[in-house]
Participant: 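Here's a structure for you.
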Amino acid sequence: MGQKISETKKLFRWLHWPPLLTFSLVFILFFVLSYLKLDPDFGWHLMSGDYFVHHAIPATDIFTYTASDFPWVNHEWLSDIILYYLYSFGGYTLLALVYASLWTLAFFLVARKSYGPLIILGVLAVLPFAGIRAVTWTVLGVVLVYRIVQARDRRWRYILPLLFLLWANIHGGFAIGLVLLGYWAIVKRSKQLLLLLGGSILVTFINPYGVDLYVEIFRTTLDGSLRWVINEWVPIGSVWQTIAYVAIWGAGFLLLLGKKWRSYLQVDVLLFFAALSSIRHYPLFVVLSLPYTTEYVKELAIKIPTTIDTSRRNVIWFVIVVITLFVGWTGYDVYAISPNREDYYPVHAVTYLEQHPCKGNLFNEYGIGGYLIWKLPGYKVYIDGRMPSWEGGGHKYMSDYTKIFTDASFRDGQFAVHNITCVLVPINTNRSSMTQQLIRNGWHTANKGEGYILLEK
């Protein structure tokens, strides 16, 4: 067996990278992405933090003219304040540095003893979901709970309520942390963890919204329509950058544990099915499954025959080459972004509206609502990324928004009620029929640029 392990180690020596090299690469990957990528919701997060710092946490929505009486529960209020202060002090560069550090820290805490290439594959799998986003806090929070629960010194567990007190005020993903803490309490049959779970739940009610925080979380979680209209809620793992990592994890699990039914209750398996139901859970699956994947790879390495024939050696090298090419292509695909992070937003239209204010209200595409809140603070928007589950007066704001593109009579009614005299939408086949109808009805093109068209009445 010793000889077998020795030869296996030689075969897999390329997996062992110095930690400094590995996590330097991890940080660079996250920093470059964060610096180049502008999340659609960044704008409203930034302006929320600005408003909270200079005024107070508002009772109702402050950014739209359609939902001004809606009781807005911002479960990311503290994250927005941190975002505002960082941006005010060091701009987008400082934000990229801080958020890249948080993502790197999460991977370091959970996978510092893992193989370098495996960690990089995991990073590539979560890059589509990374960047300057509030979900970063939940990824880090989940990792901290994992490390605390698994620590040999159980006294660390007593800081869990303090962690959840902070987490409940920084991002609504704390609810996932509570579920995972409950899972580990049951699996470990730990009365201590059950008591700390109860204490952690109680302290989450210490927030500006009280029980309404949970109302907002449940409203979003139980809204099945999100899985068909919002990209990050879609139920199938359609982000192809996850394929290589998931394939390695899945092969290891099925070959080593697939016949043991209890193995399907492991946290990595449960999070994998959660990720299949909604791709927004992929970062949590990847991060918490890395320790398991590392063990699968180690076990498979030991099981490789002592003497490897030419055909098997060729297969192994083929897999290595395929993974290498995959990593290279993924890196190119993720970072093939224009150096100007605003190139995919209506910069020219914003400039036009600053110089030629709309006489009434502006109707906007859902995906640019947050950007307009940031760049046009004098305007209120029709809809933005906070609102897919909001309801008011017996109707859903998202349903009204989508109906505007398909029902001309409903659109005319909405435009009349809200005094809409400007429309800013993408130039594509999904929106062209509406813009053509408006032009036939006397609207004129005021501006075109970055794939958007601005119409005025």
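Heavy atoms only: backbone and side chains are in, while hydrogens, waters and symmetry mates are out.
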Participant: Should the pair Phe285 and Tyr282 be assigned to parallel (<30°), tilted (30 to 60°) or perpendicular (>60°) ring geometry?
Facilitator: perpendicular
Participant: Would you please classify the geometry between the Phe253 ring and the Trp249 ring as parallel, tilted or perpendicular, with 30° and 60° separating the classes?
Facilitator: parallel
Participant: Run through Val143, Leu144, Val149 and flag the one making a side-chain contact (heavy atoms from CB on, under 4.5 Å) with Arg147.
Facilitator: Val143
Participant: Using the benzene-type ring in the case of Trp, are the ring centres of Phe108 and Phe27 under 6.0 Å apart?
Facilitator: no
Participant: What are the two closest heavy atoms between Thr136 and Arg133, and how far apart are they?
Facilitator: OG1-O, 2.6 Å
Participant: Hey, could you give me the CD1/CH2 distance between Ile82 and Trp77, rounded to the nearest 0.5 Å?
Facilitator: 9.0 Å
Participant: Can you confirm whether Trp44 sits close enough to Asp80 that some side-chain heavy atom of one is under 4.5 Å from a side-chain heavy atom of the other?
Facilitator: yes
Participant: Check Ser289 against Asp268 and note the closest heavy-atom contact, atom names and distance.
Facilitator: CB-CB, 3.8 Å
Participant: Nearest heavy-atom pair of Lys37 and Tyr92: which atoms, and what distance?
Facilitator: O-OH, 2.5 Å
Participant: If you take all heavy atoms of Leu265 and Tyr183, which pair is closest and at what distance?
Facilitator: O-OH, 2.6 Å
Participant: Give a yes or no on whether Tyr264 atom OH has more than 12 heavy-atom contacts from other residues, nucleotides or ligands under 6.0 Å away.
Facilitator: yes
Participant: Mark yes when over 12 heavy atoms from residues, nucleotides or ligands other than His395 sit less than 6.0 Å from its NE2; otherwise mark no.
Facilitator: yes
Participant: Give me the atom names and distance for the closest heavy-atom approach of Thr64 to Lys380.
Facilitator: O-CD, 3.6 Å
Participant: Answer yes or no: is there a side-chain heavy-atom contact under 4.5 Å between Leu83 and Ile132?
Facilitator: yes
Participant: Verify whether one side chain among Asn419 and Thr421 offers a donor that lies under 3.5 Å from an acceptor in the other.
Facilitator: no
Participant: Is there a donor-acceptor contact under 3.5 Å linking the side chains of Tyr382 and Gln414?
Facilitator: yes
Participant: With a 6.0 Å cut-off on the ring centroids, do Tyr345 and Phe42 count as close?
Facilitator: no
Participant: Any side-chain heavy atom of Phe205 within less than 4.5 Å of one from Ile201?
Facilitator: yes
Participant: Testing the 3.5 Å rule here: is there a donor-acceptor pair between the side chains of Tyr214 and Thr204?
Facilitator: yes
Participant: Which word best sums up how the rings of Tyr84 and His54 line up, parallel for under 30°, tilted for 30 to 60°, or perpendicular for over 60°?
Facilitator: perpendicular
Participant: Establish, yes or no, whether a centroid distance under 6.0 Å links the rings of Phe23 and Phe107.
Facilitator: no
Participant: Between CE of Met398 and OG of Ser389, what distance do you get to the nearest 0.5 Å?
Facilitator: 8.5 Å
Participant: Starting at CG of Asp50, measure out to OH of Tyr85 and round the result to the nearest 0.5 Å.
Facilitator: 10.0 Å
Participant: For a side chain to side chain contact (heavy atoms under 4.5 Å, CB included) check, start with the C-alpha distance between Ile120 and Val26, then their side-chain angles and the critical distance, and finish with the verdict.
Facilitator: CA-CA 7 Å; Ile120 297 302; Val26 170; 4.0 Å; yes
Participant: Quick one: does Tyr452's side chain have a donor or acceptor within less than 3.5 Å of a partner on His348's backbone?
Facilitator: no
Participant: Just checking, is any N or O donor in the side chain of Arg157 or Gln192 under 3.5 Å from an acceptor N or O on the other one?
Facilitator: yes
Participant: Before giving the answer on side chain to side chain contact (heavy atoms under 4.5 Å, CB included), spell out for Arg411 and Leu438 the whole-Å C-alpha distance, their side-chain angles and the decisive distance to 0.1 Å.
Facilitator: CA-CA 10 Å; Arg411 177 173 63 244; Leu438 291 176; 4.2 Å; yes
Participant: With the side chain counted from C-beta on, respond yes when Asp212 and Val215 share a heavy-atom pair under 4.5 Å apart, and no when they do not.
Facilitator: yes
Participant: Got Ile248 and Tyr296 here, is their nearest side-chain heavy-atom distance under 4.5 Å?
Facilitator: no
Participant: For Phe218, look at atom CZ and say whether over 12 heavy atoms of other residues, nucleotides or ligands are found less than 6.0 Å away.
Facilitator: no
Participant: Measuring from Leu127:CG to Leu33:CG, what's the distance to the nearest 0.5 Å?
Facilitator: 5.5 Å
Participant: What heavy-atom pair brings Val110 and Pro291 nearest, and what distance separates the two atoms?
Facilitator: O-CG, 3.5 Å
Participant: With a 4.5 Å limit on heavy-atom distance, are the side chains of Leu376 and Tyr371 in contact?
Facilitator: no
Participant: Students often mix this up, so state it plainly: with edges at 30° and 60°, are the rings of Phe415 and Trp443 parallel, tilted or perpendicular?
Facilitator: tilted
Participant: Do the non-hydrogen side-chain atoms of Arg386 and Phe70 ever get within less than 4.5 Å of each other?
Facilitator: no
Participant: What orientation do Trp103 and Phe30 show, parallel under 30°, tilted 30 to 60°, or perpendicular over 60°?
Facilitator: parallel
Participant: Between CD1 of Ile427 and OG1 of Thr435, what distance do you get to the nearest 0.5 Å?
Facilitator: 8.0 Å
Participant: Between His171 and Thr138, is any side-chain donor less than 3.5 angstrom from a side-chain acceptor?
Facilitator: yes
